[in-house]
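Heads up: numbering here begins at 1 and tracks the sequence.
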Amino acid sequence: MQDIRKILEQMRREPANVRYADLKRVCVGYFGKPRQAGSHLMFKTPWPGDPRINIQNAGDKAKPYQVRQVLLALDKLEIKS
C-alpha cells in the first residue's frame, strides 16, 4: 500500500504527469477488477448515481481530467468510510 500512497501524492501534486499504469494500479487497489469497454477500463464504485470510474490510456500517460475524477472518487470513498 506504500507505493499506492506515493502514487496518490504525485496524482494530487501533478495530475497531468501520471503514468497510466500507476492510475490503473490505484483504481484496482481501491475499486477492484475493471471491466474493459473498448479502450476504456471501467471500475464500479460503491455509491448510487454514476457508479463508475472510467480511465483511458493516452500514450503512456493518464488523461489529467480522469486523474482528477479518480481523486474526487477516492475523496468520496474516504468520506463514506
Side-chain angles (χ1 to χ4, degrees):
M1 204 63 168
Q2 181 63 25
D3 291 332
I4 290 179
R5 287 192 194 125
K6 282 186 172 183
I7 296 168
L8 284 171
E9 288 174 16
Q10 182 196 2
M11 287 171 58
R12 291 188 190 283
R13 214 175 33 250
E14 296 180 84
N17 194 24
V18 176
R19 291 181 33 220
Y20 174 77
D22 289 342
L23 182 63
K24 179 181 173 185
R25 184 173 180 189
V26 168
C27 288
V28 168
Y30 280 94
F31 302 113
K33 186 176 176 184
R35 179 172 62 94
Q36 182 84 41
S39 63
H40 294 253
L41 291 180
M42 297 170 64
F43 296 88
K44 188 171 171 69
T45 59
W47 52 79
D50 191 10
R52 66 186 188 282
I53 296 294
N54 206 351
I55 65 171
Q56 180 181 18
N57 196 349
D60 196 25
K61 300 286 183 182
K63 293 188 174 187
Y65 80 93
Q66 292 175 340
V67 172
R68 288 189 289 272
Q69 287 176 343
V70 169
L71 289 171
L72 287 173
L74 292 175
D75 290 344
K76 187 173 183 177
L77 191 62
E78 283 186 19
I79 289 171
K80 288 187 98 40
S81 297

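Closest heavy-atom contact between A62 and V67: CB-CG2, 3.7 Å. Looking at every heavy atom in both residues, P64 comes nearest to A16 through CG-CA, 3.7 Å.
Panel note: side chain Q10, backbone R12; no donor-acceptor pair is recorded below 3.5 Å. Judged purely by atom type and a 3.5 angstrom limit, Q66 uses its side chain to pair as donor or acceptor with the backbone of Q56. Judged by distance alone, with hydrogens and angles left aside, the side-chain atoms of Q69 form no donor-acceptor pair with the main-chain N or O of I55 at under 3.5 Å.
In this structure, the separation between SG on C27 and CG on L74 is 7.0 Å, given to the nearest 0.5 Å. Atom NZ in K63 sits 12.0 Å away from atom CG in L23 (nearest 0.5 Å).
Under the 4.0 Å criterion applied to side-chain N and carboxylate O atoms, D22 and K6 are not assigned as salt-bridge partners.
You'll find the side chain of Y30 reaches within 4.5 Å of the side chain of I4, heavy atoms only. With a 4.5 Å cut-off on side-chain heavy atoms, L8 and L71 count as touching. Contact annotation: the side chain of V28 approaches that of P34 to within less than 4.5 Å [non-hydrogen atoms, C-beta and beyond].
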Note to self: side chain to side chain contact (heavy atoms under 4.5 Å, CB included) for K76 and T45? Distances and angles first, verdict last.
What the structure shows: CA-CA 10 Å; K76 187 173 183 177; T45 59; over 6 Å; no

Next item on the list: Applying side chain to side chain contact (heavy atoms under 4.5 Å, CB included), run through V18 and V26 and close with a yes or a no.
Entry: CA-CA 11 Å; V18 176; V26 168; over 6 Å; no

Next item on the list: Quick one: do I53 and L41 satisfy side chain to side chain contact (heavy atoms under 4.5 Å, CB included)? Show the steps, please.
Entry: CA-CA 8 Å; I53 296 294; L41 291 180; over 6 Å; no

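Following chains of ILVMFWY side-chain contacts shorter than 4.5 Å, one cannot reach L72 starting from M42, and the two form parts of different hydrophobic clusters.
Ring geometry for F31 against F43 counts as tilted: the plane angle lies between 30° and 60°, on a 0 to 90° scale.
In K61, the NZ atom is crowded: over 12 heavy atoms of neighbouring residues, nucleotides or ligands sit closer than 6.0 Å.
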